[in-house]
Amino acid sequence: MSQYLQGLNESQLKAVLHKDGPIMIIAGAGSGKTKVLTTRIIHLMAAHDVDAFNILALTFTNKAAAEMKERVAHILGNNARNLYIGTFHSVFARVLRAEAPKLGYPSDFTIYDADDTKSVIKTVLKELNLDDKVYKPNTVYKRISDAKNSLVGPAEYAMDKFLVQEDARANRPAMAEIYDAYTRRCFKNGAMDFDDLLFKMYILLTNFPESLSKYQQKFRYILIDEYQDTNPAQYEVIKLLGAMHENVCVVGDDAQSIYSFRGATIQNILQFQKDYDDVEVVKLEQNYRSTKTILSVANEVIANNRDQIPKTLFTDNTQGEKIRLIRTMTDNDEGRIVADTIQEFRLREHFQNGDFAILYRTNAQSRSFEEALRRMGIPYRIYGGLSFYQRKEVKDFLAYLRITVNPRDEEALKRIVNYPVRGIGKTTQDKAVLLANENNISLWEVLTRAAQFGFRAGTLEAIEGFVNSVKMYQSELSKKNAFDLAMIIGKSSGVVKELFNDKSAEGLARYENVQELLNSIKEFIETPDNLESGEVGDKSLGAYLQQIALLTDADDSKEEENVVRLMTIHAAKGLEFPVVFVGGLEENLFPNAMSINSREELEEERRLFYVAVTRAKHKLILTYANTRYRFGQLQQNDPSRFVDEMPQEHIDRSYAGNSARQPSSSGGWSSGSAFERMQRGFASAPTPPKQSYSVAPARPALKEHVPSENFVASDLRDLQAGQRVEHQKFGFGKIARLEGASHNPIATIDFDQNGQKKIMLNYARLRIVD
DNA sequence: TCATAGCTACTTTTT
DNA sequence: GTAGCTATGA
């Protein structure tokens, strides 16, 4: 038996050795999924002489792709180079780059990220004279994105009775029109958004049979990671590509499907067996990652879900210790106790910083952990949030590069036409945009022909100066590599100088970020071959821009850093850590308040919890806070229902007070482990009482109110103006009026002691007095 | 035309 | 608590 096959268990081996025909691998958490995928690729090449050029492996994250590639390269060396391994988005972008003219796009089409997309939506809304309070860019984006991910174009959308009716009911009848205008605008700009990369790939394959057959022949063996997270667009493309050889291998775990909000449908994996005849199904049920305790907690919680493929995960690992459940008074205490526990484990059990991960439901939760770690001098790194490439200064600089490569890119143009300030202000810009629309030409063309359009002499001079310098950059495009050209642009545009002259701390950071960006371009041109595709050497600026558009900050991997990692649970999928903290286990936060209205949504939250738990190898610590600041307001939450769903014999509650649920206002704090005393110390530390309203100097100080003995939050659905209520902090008051959307009602309350305040009823806890 | 202060809406998750 | 937008004055 070949060496690379050794150490595989029976099912793993079965999955690897299966050569032709469709196969579905149901891979439980920690069951060696990546190992199976990579070994399968190695086996295809080593034992069956399959050409690397004929293998396509698709993942959801760059990180997963890089890991796979690396593992294959480890065994096969240079042969691995020609494999097509990448994310759906990056592989499709590469294909589309080659085929763009067929679809009427320039090869150097721009890829719009979420910010660009929203910005285009705002532009379109303005031009259609629509109120962006009714048509919130986020809502519109979601709607369009959902449509594209279901392969519904603007024309189909407008004719889809159900969709149109939905929009009408939501009081957004112009949605179809917006979608159409948005699509046209992107096309005019020579740009595709994230969803287009999937949608246009589908269009390419369906409208151009010769392209379909070309890629069908090329990709004889197809492997899909995380199949449970595919959306209909991805599903259809895979089906098309695999139709000729039917060598489609999908790997997934229905229990880890956590992206339905992005259009993923669990049906794809549940139905796979119906898509092809003779599907081989292999289940990987042995977990190599976690202790018996952790695994049984995960199993027991997920058993509450109705929709799932039956399977039994087991492990030969040790029993391990109980799961620690920690309750704290506030979110800040939660941060401190986690930091403290990390310290404890480091000292007593010799863990390193890099062994710890802190996971949470929402990005906003990172703050308290971050502060606590910083205070204790524990090095950490936050993943997610604003990625490097989304920072303003980086985007500004990139906009120069983008406009050089694709002058039709209006979003980029608007960013930099007056940055650094050169006397082309808002009035001029508005006029130019108007001219572009009236004459049906691009904004760039208006600027290049500015003399014809009667701008003021000074303004005209400014425009011409700008146009000439961009034209100069463009003329260098074919002569210079990405880095040299970027350097020229940085110097000549004045961007670098502008940042250099800003000596404030933020200015310094911005300057460094742009330098960092230049470094990354240098790195790009110096990398010997393009790891993404295996195709050698497109070092142009256009290639660089398309690559980074799909990068997130989780991808710039300084993996070896020995630091504590903070990230959302979504971002942690596919990763494992010796010690895992999961924070904010509270109702309304996790499960999130947005997701408790239907069984499907709640089950997805539960799967998310399952993902969180199964990241841990040795130790798992769950925390929740009695009160936490959210949205400026102090909120009280009950412990998460998931806490109750865990097998209690595996839980160490000695850090959680005595009562499981509904901690009463006085009870639960009197017993005393050393740790608990310490915790109480934190809770009652002499920090000044927090203000739950903004601290405007003119406003009178809050007259603190002591809640009544019998304070119980009332059901506020039938709240009426004129009723008297009690608020825990602001005291007694009278409802002056009710306003806001029905799903987010806002009450204006005249408080006896604290004046008038606006309170969001979704969050507030009010007792109706009479 | 530009800088700034103040107001508002937002927080679910992301390629 | 903050980013992004608007109104205001220089």
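First the proteins, then the strands, lettered A, B, ... as listed; each starts at 1.
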request  = Starting at atom CG of A:Leu550, determine the distance to atom P of B:dT14, rounded to an integer number of angstrom.
outcome  = 16 Å
message = Expressed as a whole number of angstroms, how long is the span from A:Tyr383:OH to B:dT13:C1'?
response = 19 Å
query = Between A:Asn418 and B:dC2, does any side-chain N or O lie under 4.0 Å from OP1 or OP2?
reply = yes
key: Parallel, tilted or perpendicular: rings of A:Phe609 and A:Phe642 (30°, 60°)   = parallel
query = Partners of A:Tyr179 by ring pair (Phe, Tyr, Trp, His ring centres under 6.0 Å), sequence neighbours excluded?
reply = A:Tyr157
ask   = B:dT15 P sits how many Å from A:Asn62 CG, rounded?
value = 8 Å
query = Distance between the C1' atoms of C:dT6 and B:dT11, in whole angstroms?
reply = 23 Å
query = Taking OP1 and OP2 of B:dT11, is either one under 4.0 Å from a side-chain nitrogen or oxygen of A:Asn138?
reply = yes
request  = When you get a sec, tell me which of B:dT15, B:dT12, B:dT14 is the closest nucleotide to the side chain of A:His89?
outcome  = B:dT15
ask   = Is any side-chain heavy atom of A:Leu585 less than 4.5 Å from a side-chain heavy atom of A:Pro639?
value = no
request  = Look at the aromatic rings of A:Tyr259 and A:Phe261 and report parallel, tilted or perpendicular, splitting at 30° and 60°.
outcome  = tilted
key: Among B:dT12, B:dT13, B:dC10, the nucleotide that comes nearest once only the side chain of A:Met594 is considered   = B:dT12
key: For A:Ala298, all residues meeting side-chain contact (heavy atoms from CB on, under 4.5 Å), sequence neighbours excluded   = A:Tyr610, A:Val613, A:Thr614
Contact list for DNA chain B against residues 255-262 of chain A - heavy-atom distance below 4.0 Å = A:Tyr259, A:Phe261, A:Arg262
query = Regarding A:Arg391 and the six-membered ring of A:Phe388, is the cationic atom NZ or CZ under 6.0 Å from the ring centre and inside 45° of its axis?
reply = no
key: Protein-nucleotide distance (A:Ile463, atom CD1; B:dT1, atom P), rounded to Å   = 10 Å
ask   = Quick one: salt bridge (Lys or Arg N to Asp or Glu O under 4.0 Å) pairs with a partner in residues 597-609 of chain A, sequence neighbours left out?
value = A:Asp307-A:Arg599, A:Arg361-A:Glu605, A:Arg599-A:Glu603, A:Glu604-A:Arg607, A:Arg606-A:Glu645
note = With sequence neighbours left out, the residues meeting side-chain contact (heavy atoms from CB on, under 4.5 Å) with A:Thr427 are none
query = Can you find a side chain N or O atom of A:Thr428 that sits less than 4.0 Å from OP1 or OP2 on B:dT1?
reply = yes
message = Using whole Å, what does the distance between atom P of nucleotide B:dT13 and atom CG of A:Asn588 come to?
response = 16 Å
query = Under the criterion side-chain hydrogen bond (donor to acceptor under 3.5 Å, both in side chains), which of A:Lys118, A:Lys395, A:Gln390 is the partner of A:Asp113?
reply = A:Lys395
inquiry  = Between A:Asn363 and B:dT14, is there a contact of a side-chain N or O with OP1 or OP2 at under 4.0 Å?
reply    = yes
Closest listed nucleotide, where the reference is the side chain of A:Thr427 and the choices are B:dC10, B:dT1, B:dT15 = B:dT1
note = Rounded to whole Å, the CZ-C1' distance (A:Phe369 to C:dG1) equals 17 Å
ask   = For A:Phe388 and B:dT14, what is the distance between atoms CZ and P respectively, to the nearest whole Å?
value = 20 Å
inquiry  = Using OP1 and OP2 only, check whether a side-chain N or O of A:Ser90 sits under 4.0 Å from B:dT15.
reply    = no
Dump every N/O contact between nucleotides 3-10 of chain C and the protein below 3.5 Å, one line per pair.
{"from": "C:dC5", "atom 1": "OP1", "to": "A:Lys122", "atom 2": "NZ", "distance (Å)": "2.6"}

